[in-house]
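Just so it is clear: chains get the letters A, B, ... in the order the sequence lines come, proteins before strands, and each one is counted from 1. Computation of the quantities below employed the complete heavy-atom set of this structure, encompassing side-chain atoms and omitting hydrogens, waters and symmetry-equivalent molecules.
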Amino acid sequence: MREFFKKRETTLLILIAVMLLLIVSQAPSFVSPENILRIINDTSILIMVSIGQFMVILTGGIDLSVASIIGFSGMAASMMNQYFPEMPIVFILFAGVGIGTVLGLFNGILIAYGKVPPIITTLGTMSIFRGFTFVLSKGQWVTAHEMTESYMHIPHGTFLGVSSLIWVGVVVSLVMYYFMKYVKTGREIYAIGGNKVAALFVGVKENKINIIVYSLVGMLSGLAGVMWTARYAAAVNETAIGFELFTVAACVLGGVNIAGGSGGVAGVILGALFLGILTNALPVVHLSPFYQLGLQGVVILGAMIVNSVSEKRNEKKLLNRRLQ
Amino acid sequence: MRKILILLLVLMITATFSFAAGQKEADQDSPLKIVLLVKSLGNGFFEAVADGGKEAAAELGNVESIYMGPSASTAEGQIEIIETLIAQQVDGIAISANDRDALIPVTRKAMKAGIKVISFDSGINVGGRIVDLVPSVEELIGRQQVQLIAELTDYKGQIGIVSSTSQATNQNAWIKWMYEEIKDPKYKDMELVEVAYGDDASDKSYREAVGLMQKYPGLAGIISPTTIGILASAKAIEDEGMEGKVQLTGLGLPSEMQHYIENGTSGQMALWNPIDLGYTSTFILEALITGKVAGNEGDKIDAGRMGTIEIGKDGKAVMGTPFVFNKDNIAKFAVMF
Amino acid sequence: MSKDEKNTISSKSLVDSSRLVDESGWRIRLVSMVTRWEFILLILLVMEVLIFSNLTPHFLNTFNLLNTTFTFSEKAILALPMIFIILSGDIDISVAGIMALSSFAMGYASTQGVGTTGLVFVGLGVGVLAGLFNGLLVTGLDMPAIAVTLASMTLFRGISQAVLEDQAYTKYPEGFGYFGQGYIGDSIVPFELILFLVLAVIMGFVLHKTTYGRKLYAIGNSSSASKFSGIAVNRIRLFNFILNGLFSGIAAVLLTSRIGSTRPNIATGFELEVITLVVLGGVSITGGKGNIFGVVLAIFLLGYLKFGMGLLNISGKVMIITTGALLIIAVLIPALMDTLKARNKLKNQKNSEVILQI
């Protein structure tokens, strides 16, 4: 366990520290407690969905439709709130989560029983779900005055001085951490991605795992959809476009093997935080806005290279020790 | 196996082309097909433009108004659509362009094929269209934005801008005029500190607005001349508890901004009427197609309830001054667009 | 029936179905032909042509059918090297980023007074360099291709944005417009289309008639087995990425020429469309399976589908739903057919067993 922690998360922690130092030299107030909370708040949605993406990648798959699920369930929940303002918020929250789960289940069924490769399924449903968002909304947005106060309040309520959005992120992280580490199904997800043949031999049901994993990522995306639209008090048709690549990037940065089988929830959270800090810092530091995109590319690529090189060194060390 | 496939393909292609040779199309009595091609689908502003087009078509009688747009706002997507419009020989296209240069080759091709092309809202450069219907003069829009924020901040303080993408040509043109306007001595206590780009995404615009407030603790106001940008900025100001300290203006759709205008987060903002834009564009195209005018400088076009539109230098036609929305009138317009 | 019994039975049927049977019967041959991916694509293409020509008089028109290839030729050209990349188990999502960088370089060179020929070399050269950059990271540092190209696509586009800012390059030499707007001689055949067809023939030849092509299949099926049998796996993968860079450069020349200008957001979103084409063409995303014929069919299928729907003024939102559904269905049908085929095989197998017993 300690070995494992050393390998992945430490490198990333060091990278985050270096990045923070660089930012602070530009904008000292960036590491104030309020601002740290603000960044975590801003990154909570990314963390939730990235954990879902992580489980999918563990099985050797990928889900490119997460952003479209966020868009659709967010739009659906907002429209429910708009047309039935009397409807209890809890119900809308569950409806949004439920819609996300159903969309994820749809992916899962195609992948498990239709034998359609994950990347193709989700590339297809990415367009389909987005298209249906347009159809559902008839091209219109739902904005602040069409939402009820209590809907917009969902991510903003505070408990112990911390926003409910952060709490949701924390709860999701803890539950998923426990699930992946101590629950049988969680271990089976690792098994499928690590060595499929061996996993099937010991009785892991691949179809069941696929259905669970894609439904879960759908569920988390559905939750993210409600949070997203409530937080920005706007449900637009393009909500979260391009977000799927951020979730994949968070996983890769967090040391998840893109071919499946290895990685951990903690790493993914750190990976997401890394991206969150970066995207929050870029507008604050005194730098031409035109450099943002390029700098983002350089930093992510650099972090990936450092990650990969240090991992290789660790592997070599481990191998040498074993040989001795 | 492969041989059979290739044979089939060749057969099919030959059949296709021999069929095609005989095709010819001639129906004179069908209504004029006028297309409103917008930047992207799923935007309330352009949905309202489409309503204007339909209204004009109903008044003119001989016009079929078609509403088209790519699903993402790219020039490439618009070009694909224009190619199919050339193929089906529509009569006129009015375009709100994603790129004022990239569309020129294909719109030239359309005009060569006898289609009348005009641009509206977000223009195409000279040579790529006959008329460019601007909702208002770029200069006027830019200058007015500074005047609006100055009124809100009592002509004092630092002002930041949250724009859409850095490639959005009309936003860039307005921002250029904002920098001109603020040179006026009456703004001597004001400063435009930075242009941030929210890329028309709610999360990035929100982050950029928060970034501006952090970077400039004494920030007095934000100008956001784009619909998603102004919405996200309003929310950011509210969440940071800066209502009243950081003023907000920009260009926004009343139906989308009603909440923030009414609660004072944004004291006032401007916009032109998208319904009128679609309406006027359709009238201009109808006049060009039927040959009532050629589209030269000085030509006058009767545009129904909008009165007479005159074509100026470089084919520019101007609709009017942007309308200012505030607490008192927002509810009235919110039900319209 | 206990759980264990069920397992043994299913594994027995698995063995049965994979046993060799006499496959020369005409019925079996017919079934295997009809279930060939390319055949399904061809049927879909024919259906599409029939349907659209019934719905609109503008579809079956030589000029229109040729002219509309302008809208998908660049993506078609990008799909060719992507076949190689995906076949050997990699992926490249930075192609649109490379195009932006390459187009930016051409725009800059053009402001420096470089002529048409020079611009083409600049465009292709930058493409090759960008491809080399990706390839070196993937093979040299042994990083996953999706991770590398995910980051480099931001980087490449970011570079052009950093320099170009909110400006655009709009001045290109007179003759430069030919590549993306010109026709072959006085005909109505676009230059882009012919270039694509020529490149497709060349790439098809390399893929299906040379050892290089065979090695790609080998790597895709088992990278480690290929390594052990003496194939320079990494060198081939590196070359694939360079090739992909080169073709992205070609696509950049064509697109820049077609729209006569360069902005940092040029070709946004092309990468997913290109991957869709390759996958729809029957190339297995896990590598090792597919051919060029299917991809070429997929290119025309999707290109004319969009064109046909555009002619009918079908809204963009319906279009993206249709493309997404088509992608899934086109993979779902053969997968279901495979199950059918296996069942058929099993039946034959059982029949032959009976004969043997007699």
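- Residue contact with chain C, scored on non-hydrogen atoms closer than 4.5 Å, involves the backbone and the side chain of A:Ile120 alike.
- Ranking A:Ile305, A:Asn257, A:Val135, A:Leu110 against chain C, the residue ahead of the rest is A:Ile305, based on heavy-atom pairs under 4.5 Å.
- Residue A:Asn107 holds its CG atom at 9.0 Å from OG of A:Ser215, rounded to the nearest 0.5 Å.
- Considering CD1 of C:Ile321 and CZ of A:Arg130, their distance stands at 12.0 Å, rounded to 0.5 Å.
- The candidate with the highest count of non-hydrogen atom pairs below 4.5 Å against chain C, out of A:Ala303, A:Gly60, A:Ser308, is A:Ser308.
- With a 4.5 Å cut-off on non-hydrogen atoms, C:Leu141 touches chain A through its backbone and its side chain both.
- C:Tyr217 OH: more than 12 foreign heavy atoms inside a 6.0 Å radius.
- Between chain C and the options A:Lys115, A:Gln292, A:Met304, heavy-atom pairs under 4.5 Å are most frequent for A:Met304.
- Heavy atoms closer than 4.5 Å to chain C are found in the side chain of A:Val252, but not in its backbone.
- Only the side chain of C:Met153 comes within contact range of chain A, with at least one heavy atom under 4.5 Å from a heavy atom of that chain.
- When heavy atoms are compared at a cutoff of 4.5 Å, C:Thr276 approaches chain A by way of both its backbone and its side chain.
- Neither the backbone nor the side chain of C:Leu326 comes within contact range of chain A, judged by heavy atoms closer than 4.5 Å.
- Residue C:Leu332 touches chain A through both its backbone and its side chain, counting heavy-atom pairs closer than 4.5 Å.
- Proximity to chain C (any heavy atom under 4.5 Å) is restricted, for A:Ser288, to the side chain, taken from C-beta onward.
- Within the 4.5 angstrom heavy-atom criterion, only side-chain atoms of C:Ile91, from C-beta onward, approach chain A.
- The backbone N or O of A:Gly263 sits less than 3.5 Å from a side-chain atom of A:Tyr190, completing a donor-acceptor pair.
- The side-chain heavy atoms of A:Pro118 and A:Val56, taken from C-beta on, include no pair separated by under 4.5 Å.
- Proximity to chain C (any heavy atom under 4.5 Å) is shown, for A:Leu245, by both the backbone and the side chain.
- Neither the backbone nor the side chain of A:Phe129 comes within contact range of chain C, judged by heavy atoms closer than 4.5 Å.
- Distance check: C:Leu297 CG to C:Trp37 CH2 gives 12.0 Å after rounding to the nearest 0.5 Å.
- C:Glu48 contributes a side-chain N or O that, together with a main-chain N or O of C:Leu305, makes up a donor-acceptor pair within less than 3.5 Å.
- Checking each of A:Val299, A:Val298, A:Ile300 against C:Leu155 for a side chain to side chain contact (heavy atoms under 4.5 Å, CB included) leaves exactly one that passes, namely A:Val298.
- Using non-hydrogen atoms only and a strict 4.5 Å limit, the part of residues 61-72 of chain A facing chain C consists of A:Ile62.
- Only the side chain of A:Val309 comes within contact range of chain C, with at least one heavy atom under 4.5 Å from a heavy atom of that chain.
- Rounded to the nearest 0.5 angstrom, A:Cys251 SG and A:Gln53 CD are separated by 5.5 Å.
- In the model, C:Asn234 has a side-chain atom that pairs as donor or acceptor with a side-chain atom of C:Arg237 under 3.5 Å.
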